[in-house]
Amino acid sequence: MTGGSLGLRTASYGSLQQQLQNGAFLPIHATPLIVRKNSKTLLSSYREKERFLSRICKFASRRRVGMLLVVVVSVLVFMSVLSTMCKDDDATTDSESQHMSSIPVQNIIPERILINGEPSLNKIDKNRDKENYSVSPNNVSISGENKLPLPVLRTKFPVEHPCDKFVLPSPPPRDRKRTGPRPCPVCYLPVDQAIARMPVAPSESPVLRNLTYVYEESPVRTEPFGGSDFGGYPSLMRRNDSFDIKESMNVHCGFVNGSKPGRQTGFDLQDADLIEMEQCYGVVVASAIFGNYDIIQQPKNISEAAKKNVCFYMFVDEETEASIRNTTTLGDGMKVGLWRLILVRNLPYADARRNGKVPKLLLHRIFPNSRFSLWVDGKLELVVDPYQILERFLWRKNATFAISRHYKRFDVIEEAEANKAAGKYENASIDFQIDFYKGEGLTPYTEAKLPITSDVPEGCVIIREHIPLTNLFTCLWFNEVDRFTSRDQLSFSSVRDKIMSKVNWGVDMFLDCERRNFVVQTYHRDVLEHMPPPIVAVKRPSVSTNEPRGKSSHVTITDRFVKSPTKRNPPKRGRERRSGSRRHRKVSVGSRDNNSI
């Protein structure tokens with residue numbers, strides 16, 4: 001069979017016959033064989049081309065055919081231009097992605113994602129949060145240099161914050177009838193503006209990237225004091241090692257004898273509640289009442305956005321739940337107002353106050369997917385929207401942990417003496433804890449510690465972002481509460497100072513009067529049950545407790561300074577004396593008024 005019958009081109013440029021000779025390939029630049037065609041053949045081909053062109057011109061002269069040709073040519077031109085633009089965009093995207101891959105994820109300012117005209121919040125951002133966090137029962141890690149960050153940009157805001165010009169006014173004159181601490185004005189942004197400033201990407205966690213937790217099926221005591229079956233029994237050596245901040249750490253953080261927090265670990269929760277809490281993305285507001293110690297307080301002034309997107313959870317034991325059922329009608333899903341009740345069984349401690357430290361300090365373990373949390377003690381009434389609080393005390397300051405300082409005391413040693421005088425705990429246990437901290441270098445607070453403004457927090461409110469370093473801080477703080485007394489004010493500064501000595505991080509301690517602006521403090525149940533109802537009679541209805549400070553559409557100054565009503569002696573003459581006091585009205589001393597400037 002010849003090469004022609006196989007369809008092989010015998011004289012083509014770089015043909016197979018030229019490259020294959022004696023079973024070997026030859027270079028394709030071998031000299032080709034050129035065969036010239038005779039003149040008759042060339043002439044006939046030329047005449048055929050002329051006839052073809054004349055036919056094209058004849059048909060093109062017709063209107064329909066001409067328009068069709070114009071459309072075809074236009075489509076071809078448009079497709080060629082479009083393909084060129086797509087190639088340019090791909091090249092630009094590749095260059096940007098290469099540039100973004102060299103930037104750490106914490107340095108990227110994220111963009112506010114809008115869905116149906118509203119910013120994306122808790123449950124909307126599930127996929128994004130799952131990309132940034134890998135969560136397992138005992139493992140919380142943040143995506144860092146090994147993964148490409150999300151190339152998103154945050155909405156640009158003016159350099160000057162609307163509240164920058166706000167100045168805290170001087171306190172009101174002393175009142176002999178009200179000598180205790182008072183709230184002071186705070187500048188909040190409107191809720192929609194506060195939500196718009198909510199960062200999408202997590203804040204930077206200095207040094208620490210991956211935090212895991214100790215799991216011990218049968219914890220064994222190795223030290224003569226401290227520890228519990230719930231929190232484990234870490235040795236003093238392991239305690240000291242936990243303050244050496246590294247990129248990856250494994251520490252005790254409660255729930256040590258279970259594979260998942262709340263499941264046969266002590267502080268046991270129902271599986272349905274655990275699944276529901278895992279679905280809480282974004283912001284969680286949490287509180288707890290154990291031993292029927294307090295009366296549940298409903299949040300006030302909460303926006304519709306917060307009601308829809310913020311998780312409100314109240315942890316209660318069986319005794320408290322029974323009392324609530326006897327006095328309140330539970331709604332669907334164990335709800336009382338905004339609070340979703342979570343029943344806790346198998347409490348790890350006999351002391352109700354120590355049990356309360358579990359959700360207070362270990363919220364990141366119970367809500368593994370939440371980004372921000374606001375803890376309020378059971379005796380407090382929240383009266384400001386959570387988004388406004390987070391913007392004021394975290395996002396505005398680029399802080400990750402905020403807590404108020406004590407209104408009167410700044411020194412831990414003085415706080416310990418005050419606890420002993422008030423009978424808050426056994427004196428011997430308090431002395432042992434303070435002596436232990438003194439052996440580690442604890443000294444009285446002085447101005448030399450500035451910019452640290454206090455060593456004593458008012459721990460009834462904690463505002464924080466859940467990142468590995470703040471999670472470590474609350475874990476180690478809980479370990480101190482588990483080892484020593486349950487008075488967390490005594491161990492706060494020791495844990496804080498040890499971490500601050502290792503990494504560039506700090507706790508924002510705001511004024512106690514600012515805390516009293518967004519929470520109203522009530523008495524415990526046993527005190528309230530023996531108190532008469534607070535009724536204050538005021539003679540004239542013209543007496544007002546509002547002190548307007550101006551108006552503005554940009555910011556809100558929330559002021560809860562209230563003047564004590566002035567007593568007026570009844571007149572000795574006239575009709576008012578004969579008719580008696582008919583104009584008496586009730587004034588709530590704890591009322592709040594929102595004034596704008």
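- Taking CD1 of I289 as the reference point, atom CD1 of I324 lies at 6.0 Å (rounded to 0.5 Å).
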Determine, step by step, whether R263 and D271 satisfy the salt bridge (Lys or Arg N to Asp or Glu O under 4.0 Å) criterion, reporting the C-alpha distance in whole Å, the side-chain angles of both residues, the deciding distance to 0.1 Å, and the verdict. CA-CA 8 Å; R263 184 172 294 170; D271 290 341; 3.4 Å; yes
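- Here the straight-line distance linking atom CZ of R365 with atom CE of M277 works out to 12.5 Å at 0.5 Å rounding.
- The six-membered or imidazole ring of Y213 lies away from that of F255, with a centre-to-centre distance of 6.0 Å or more.
- Using modelled atom types, one side-chain atom of D385 and one backbone atom of S303 make a donor-acceptor pair closer than 3.5 Å.
- Under a 4.0 Å N-O distance rule, the pair R345/E321 does not qualify as a salt bridge.
- With values rounded to the nearest 0.5 angstrom, Q433 atom CD is found 9.0 Å from Y425 atom OH.
- Residue E440 places its CD atom among more than 12 non-hydrogen atoms of other residues, nucleotides or ligands, all under 6.0 Å distant.
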Run the salt bridge (Lys or Arg N to Asp or Glu O under 4.0 Å) check on E276 and R340 step by step: do they pass? CA-CA 11 Å; E276 181 178 336; R340 163 73 161 87; 2.9 Å; yes
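- Using a 4.5 Å heavy-atom cutoff, the side chains of I403 and V461 are not in contact.
- Residue E319 qualifies as enclosed at atom CD: its count of foreign heavy atoms under 6.0 Å is above 12.
- The number of heavy-atom neighbours closer than 6.0 Å to CG of D244, taken from other residues, nucleotides and ligands shown, is above 12.
- With a 6.0 Å cutoff to the six-membered ring centre and a 45° limit on the axis angle, R483 counts as a cation-pi contact of F225.
- Between E414 and R409, none of the side-chain N atoms (NZ, or NE/NH1/NH2) sits under 4.0 Å from a carboxylate O, so this pair counts as no salt bridge.
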Candidate pair F484 and Y437, rule ring-ring contact (aromatic ring centres under 6.0 Å, His included), full reasoning: CA-CA 11 Å; F484 299 105; Y437 289 153; 5.5 Å; yes
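- Between D497 and K449 there is a salt bridge, since at least one side-chain N of the basic residue sits less than 4.0 Å from a carboxylate O of the acidic one.
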Apply salt bridge (Lys or Arg N to Asp or Glu O under 4.0 Å) to the pair R238 and D241, showing each step before the final yes or no. CA-CA 5 Å; R238 180 147 194 174; D241 291 340; over 6 Å; no
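- For the atom pair CG of N369 and NE2 of H364, the computed distance is 13.0 Å after rounding to the nearest 0.5 Å.
- A salt bridge links R496 with D455: at least one charged nitrogen is closer than 4.0 Å to a carboxylate oxygen.
- Counting heavy atoms from C-beta outward, D431 and K420 have side chains that approach closer than 4.5 Å.
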Derivation and outcome, ring-ring contact (aromatic ring centres under 6.0 Å, His included), residues F401 and F473: CA-CA 10 Å; F401 196 100; F473 171 65; 5.0 Å; yes
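- In this structure, W339 and F312 have perpendicular ring planes: the angle between them is above 60°, well past the 30° mark.
- Note that the OG1 atom of T443 and the CG atom of D411 stand 8.0 Å from one another [nearest 0.5 Å].
- The aromatic rings of F518 and F393 are tilted relative to each other, their planes meeting at an angle between 30° and 60°.
- Ion pairing of E415 with R487 is absent here, as no side-chain N (NZ or NE/NH1/NH2) approaches a carboxylate O to less than 4.0 Å.
- A salt bridge does not link D294 to K379: none of the charged side-chain nitrogens sits closer than 4.0 Å to a carboxylate oxygen.
- In this structure, R353 is not positioned above the aromatic face of Y293 in the sense of NZ or CZ being under 6.0 Å from the six-membered ring centre and within 45° of the axis.
- With sequence neighbours left out, the side-chain contact (heavy atoms from CB on, under 4.5 Å) criterion links N257 to P219, T265.
- More than 12 heavy atoms of other shown residues, nucleotides or ligands fall within 6.0 angstrom of atom NZ in K498.
- Between F372 and W395, the ring planes lie perpendicular to each other; the angle is over 60°, past the 30° to 60° tilted range.
- Salt-bridge check for E480 with R239: passed, with a basic side-chain N closer than 4.0 Å to an acidic carboxylate O.
- We find the CD-OG distance between E458 and S404 to be 5.5 Å, quoted to the nearest 0.5 Å.
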